[in-house]
Participant: 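My questions will all concern the structure given below.
Letters A, B, ... mirror the listed sequences (proteins, then strands); counts begin at 1. These values consider heavy atoms only, across backbone and side chains, with no hydrogens, waters or symmetry-generated copies. Remember, predicted model here, so these are calculated numbers, not experimental data.
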Amino acid sequence: MSKKIVISTDLNGDITEFIADERDSLLDALRERIGLTGVKEGCNNGNCGACAVLLDGILVNSCCVMAAEVDGGSVTTVEGIALENELHPVQQAFLNEAALQCGICTPGFLVAAKALLDTNPEPTEEEIRFWLAGNLCRCTGYDKIITAVQEASKSMQKK
Amino acid sequence: MQDVSYYRPSSIKEAIKILSEHGPTAKVLAGGTDVIVQARERTKKITAFVDIKKIPDVMGLGIEGHRGLTIGAATPMYQIYNHSGVQEEYPAIIDSANIIGGKAIQGRASLGGNLCNGSPAADTIPTLIVLEGTANIIGPNGERKIAIEDFCTGPGKTLLQHDEILISLHFKRPAPFSGSRFIRFIPRNEMDIAVVNVASQIQMDGNKIESSRVAIGACAPTPLLLKEISNFIQGKELSQDLLENAAELFNNLITPIEDMRGSPEHRVDLAKTLFKRTMNDAVIRSNGEKVQ
Ligand SMILES: Cc1cc2nc3c(=O)[nH]c(=O)nc-3n(C[C@H](O)[C@H](O)[C@H](O)COP(=O)(O)OP(=O)(O)OC[C@H]3O[C@@H](n4cnc5c(N)ncnc54)[C@H](O)[C@@H]3O)c2cc1C
Ligand code: FES
Ligand code: FES
């Protein structure tokens, strides 16, 4: 049996302590130990982006991170991107544009799109497509997703 | 996931001690984009991860005037391609770093990991070879340096001992009137393993080729430095005919395998095309101009 370890991290803005198996990936720990099921498991090998989170502010796939690595760091999941009393503009834009069907890929897209707009507030379509190349969607098709990110970018400019 | 223990040493000495005590099933953990997947899919027996990212020596990068560029082995790709000095002076490194997986992979993946993982198709190794990179290594018996062209010995195999750590990669300052370029061929636009990849470096003297280096990946058990090509074009006037003739050498220089990504004939054709393209782009860069 794998050893249990205690991990302390800034999770969506709150210092959180939790117990995990030493061999847990961050994805396993977020879903199974903490119950943050917004983060999804698609491929479990780095290819689909469904498990994307921000680790110390940087976009990563949580299936390719060990839970133990986040001790002392910070993690942002899709549960943590909304603003005080309203959705994050990318969340609102995904709703407006109907940029999801089954929704499995959506949390990963939202976190990745937020990370893009944080570093590049007015990306071109090509930049959006390149940035989101590591996120796979098997049912919506990408056009609506790209449109939603463009809309989010515009609405963030107005604010 | 295999039953791995996790260590996070803060010094190289401590890291080497853990690696030595555990033996070969303890693995260095840099970005984890290869090794965590291997641990989960049980393609290798792994009992411990030694996370080196809290060791300052392996993180970050800097250019020191005439002494060149040093990149910490575990520095993630995004820090490398956002570095203005690397963009300016070592654009072929950007060509490679930019295409390793998608953005979420680039948030973690390192040059050290790409090199130590030793894939024949690794997208940074041809570039590191043509830029005459050296690997700075520390192990229980002290420091040593290896030229990157000698580093890989077979698929997944390198000269590194299990208790040695690649600390950093060093590149000399590019010579005046020199340029370099890396291109890979994949059937998709992003996120795939190279069918063939090529890096070329050239130094010009007017219209004459002063020197060059060409390396190719995914066509042999390791990425290869092709000295025969450089010998053939050295000292000659640059022309498309010369590059065409040099490209014919690939017929005998590489014997790629057949797999789902391509046949040997297809790979040789791609090698020729990528060689010509990377050379022409390297020449453009040697004039201080941008490609594309
Ligand atoms: C979805 C996806 C897409 C990918 N796309 C590409 C691609 O396009 N091109 C490509 O070339 N690769 C690709 N890769 C493979 C991988 O991302 C790269 O090889 C990456 O550079 C590995 O770096 P890392 O820091 O994550 O290595 P890790 O996984 O941390 O380590 C890899 C290996 O090297 C060893 N190691 C790492 N650092 C050191 C060190 N400093 N000293 C000693 N040993 C060390 C580890 O023990 C391990 O055996 C992809 C992977 C995924 C999951
Ligand atoms: S589940 Fe992590 S990338 Fe697919
Ligand atoms: S909405 Fe179903 S995978 Fe994207």
Participant: Could you tell me which non-hydrogen atom of Asn44(A) sits nearest to which non-hydrogen atom of Arg40(B), and how far apart they are?
Facilitator: O-NH1, 2.6 Å

Participant: Quick one: what part of Val111(A) sits under 4.5 Å from any heavy atom of chain B, side chain, backbone, both or neither?
Facilitator: neither

Participant: Please check if atom CD in Glu14(B) has more than 12 non-hydrogen atoms from other residues, nucleotides or ligands closer than 6.0 Å.
Facilitator: yes

Participant: Just verifying a value: how many Å separate Phe49(B) CZ and Glu22(A) CD, rounded to the nearest 0.5 Å?
Facilitator: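 Here the rounded value is 11.0 Å.
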
Participant: Please round to the nearest 0.5 Å and tell me the distance separating atom CG of Leu27(A) and atom CE of Met1(B).
Facilitator: 9.5 Å

Participant: Could you state the interatomic distance from CG (Asn45(A)) to OG1 (Thr33(B)), rounded to the nearest 0.5 Å?
Facilitator: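 One finds 11.5 Å between CG of Asn45(A) and OG1 of Thr33(B).
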
Participant: Using heavy-atom distances under 4.5 Å, tell me whether Lys54(B) contacts chain A through its side chain, its backbone, both, or neither.
Facilitator: neither

Participant: Can you tell me if CG on Leu95(A) sees more than 12 non-hydrogen neighbours from other groups inside 6.0 Å?
Facilitator: yes

Participant: Looking at OG1 of Thr119(A) and OH of Tyr78(B), how far apart are the two atoms once the value is rounded to the nearest 0.5 Å?
Facilitator: 11.0 Å

Participant: Can you name the nearest heavy-atom pair linking Val37(B) to Cys64(A), along with the distance?
Facilitator: CG2-SG, 4.0 Å

Participant: Hey, which of Ser5(B), Gly31(B), Gly32(B) has the most heavy atom pairs under 4.5 Å with chain A?
Facilitator: Ser5(B)

Participant: Ala52(A) versus chain B, heavy atoms under 4.5 Å apart: side chain, backbone, both or neither?
Facilitator: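 It is neither, since no heavy atom gets under 4.5 Å.
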
Participant: Near Lys154(A) NZ, under 6.0 Å, is it more than 12 heavy atoms from other residues, nucleotides or ligands?
Facilitator: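 No, because the 6.0 Å sphere around NZ of Lys154(A) holds 12 heavy atoms or fewer from other groups.
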
Participant: CZ of Arg108(B) to CG of Leu55(A): how many Å apart, nearest 0.5 Å?
Facilitator: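 One finds 6.5 Å between CZ of Arg108(B) and CG of Leu55(A).
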
Participant: So do the side chains of Glu69(A) and Ile36(B) get within less than 4.5 Å of each other, counting heavy atoms only?
Facilitator: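 When only atoms from C-beta onward are counted, Ile36(B) and Glu69(A) do touch, with a gap below 4.5 Å.
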
Participant: Would one find more than 12 heavy atoms of other residues, nucleotides or ligands at under 6.0 Å from atom CZ of Arg33(A)?
Facilitator: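 Atom CZ in Arg33(A) is crowded, with more than 12 foreign heavy atoms closer than 6.0 Å.
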
Participant: Rounded at 0.5 Å granularity, tell me how far CG in Asp71(A) sits from CG in Asp51(B).
Facilitator: 11.0 Å

Participant: Can you give me the closest heavy-atom contact between Asn98(B) and Phe130(A), atom names plus distance?
Facilitator: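 Closest approach of Asn98(B) to Phe130(A), heavy atoms only: O-CZ, 3.7 Å.
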
Participant: Between Met66(A) and Leu29(B), which heavy-atom pair has the shortest distance, and what is it?
Facilitator: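 In terms of heavy atoms, the two residues are closest at CG-CD2, 4.3 Å.
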
Participant: Side chain, backbone, both or neither: which part of Glu41(B) has an atom under 4.5 Å from a heavy atom of chain A?
Facilitator: side chain

